[in-house]
There are 2 protein chains.
Amino acid sequence: MTAPCEATEVTGVPVAKDVRELDDIDERIVAALRREGRMPNNALADKVGIAASTCLTRLRSLIDRGVIAGFHAEVDPAWLGRPIQAMIAVRLRSDARGAITEFSDRLAGMPEVLNVYFLAGADDFHVHVAARDPEDLRSFVVDHLSSAPEVALTETNLIFEHKRGRLAE
Amino acid sequence: MTAPCEATEVTGVPVAKDVRELDDIDERIVAALRREGRMPNNALADKVGIAASTCLTRLRSLIDRGVIAGFHAEVDPAWLGRPIQAMIAVRLRSDARGAITEFSDRLAGMPEVLNVYFLAGADDFHVHVAARDPEDLRSFVVDHLSSAPEVALTETNLIFEHKRGRLAE
DNA sequence: AGTGAAAGAACCTAACC
DNA sequence: GGTTAGGTTCTTTCACT
């Protein structure tokens with residue numbers, strides 16, 4: 001699986017690859033599947049104007065190359081018994097920055113966690129969580145964050161509403 | 001489409017509905033499709049231990065009820081020519097809070113925007129964006145946020161890495 | 001790379017517990 | 001609500017361009 005926009009050696013000098021790794025048809029396939037991930041291959045082929053067999057080859061190539069990392073049903077966490085969402089800013093102790101990857105991996109594996117954003121600013125992470133109730137949220141913050149030796153401080157913001165944007169997965 | 005956890009009138013007093021709107025089989029269907037959204041109905045039926053036709057009925061019911069809001073291919077924005085991600089905290093002027101919904105709708109419709117989080121804290125929004133390059137990010141912040149009459153201040157944090165958690169869509 | 005046709009798999013409407 | 005049975009549609013391979 002190739003990473004996008006990696007450096008390519010041509011003349012001994014690293015050169016940024018052309019941003020457009022995807023041709024027009026690949027882009028249209030990706031766009032269609034980001035909107036309607038369960039669209040049948042047939043319909044997809046019609047939409048982008050190629051034969052079904054070609055479309056299938058291209059789809060597999062997109063998956064093999066890691067362009068499409070997976071397909072997911074979109075479910076409101078409230079339906080899963082987690083109606084309370086929050087964004088928690090986390091700042092680590094400066095002497096714990098070496099363990100930053102392990103820490104974020106541990107976070108991402110917790111059942112409350114939707115997203116972990118690893119940041120360049122004053123805060124080290126923003127952690128997007130969904131909790132069963134206020135007490136569940138409190139215990140997540142206190143037991144898994146505040147009391148961890150790596151954590152210097154946390155700041156919890158309730159989320160009233162979450163809108164997916166145009167680019168959203 | 002019914003919202004989860006809405007109030008139900010039984011005796012004239014609003015009572016919170018049981019959190020478990022979904023039975024065991026529905027939960028297993030949802031869990032399977034959150035991991036593998038393109039899994040064929042047949043395989044899904046096998047996995048949860050019911051007949052394919054029953055499974056299809058349940059899947060449609062889950063979609064009708066709004067439990068499953070859609071299916072999406074997961075694509076790294078870098079492959080779409082947007083390798084730079086940022087989380088932008090936005091605070092509105094207090095006299096612009098009436099237009100808060102229109103404002104977040106406008107944001108969510110912009111091509112750079114992945115997610116808009118509408119918050120309860122000091123910041124009104126966190127806006128998750130992906131930009132083509134640093135200049136693109138700058139112009140998004142300056143042209144669409146800082147210069148908007150509703151906006152009091154913004155704070156942009158680059159995102160080094162974004163990990164999906166266990167609960168992620 | 002793209003195509004078309006044919007075999008196999010999945011879907012989906014029923015009739016029936 | 002659940003299933004088995006069937007015609008219909010989709011997927012997938014392969015020989016060819």
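To find a chain, count down the sequence lines: A is the first, B the second, and so on, and within it residues start at 1. The structure presented is a predicted model; accordingly, all values stated were derived computationally and were not measured.
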Contact list for DNA chain C against residues 29-41 of chain A - heavy-atom distance below 4.0 Å: none

To the nearest Å, how far apart are [X] [atom1] and [N] [atom2]?
X	N	atom1	atom2	answer
B:I50	D:dG1	CD1	P	12 Å
A:D24	C:dA1	CG	C1'	15 Å
A:L56	C:dA10	CG	C1'	14 Å
A:N42	C:dT3	CG	P	14 Å
B:L59	C:dC12	CG	P	9 Å
B:I25	D:dT3	CD1	C1'	13 Å
B:L22	D:dG1	CG	C1'	16 Å
B:R60	C:dA10	CZ	P	17 Å

Test log, rule salt bridge (charged side-chain N to carboxylate O under 4.0 Å, His left out), inputs B:R93 and B:D124: CA-CA 10 Å; B:R93 297 167 55 102; B:D124 291 294; over 6 Å; no

Under-3.5 Å donor-acceptor pair between B:S53 side chain and D:dT4 base: yes

No-H, no-angle donor-acceptor pair, B:T57 side chain to D:dG1 base, under 3.5 Å: no

Are [X] and [Y] within salt-bridge range, i.e. N to O under 4.0 Å?
X	Y	answer
A:D123	A:R91	yes
B:R138	B:D133	no
A:K47	A:E36	no
B:R65	B:D26	yes

CZ/B:R97: more than 12 non-hydrogen atoms of other groups inside 6.0 Å: yes

B:R58 vs C:dC12: side-chain N/O to OP1/OP2 distance below 4.0 Å: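 False: B:R58 side-chain N/O out of range (4.0 Å or more) of C:dC12 OP1/OP2.
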
Phosphate OP1/OP2 of D:dT3: any B:T54 side-chain N/O under 4.0 Å: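 Yes, such a contact exists.
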
Geometric class of the B:F118/B:F125 ring pair [parallel <30°, tilted 30-60°, perpendicular >60°]: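 Correct class here is tilted.
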
Sugar-phosphate, base or nothing in reach of B:A51, heavy atoms under 4.0 Å: base

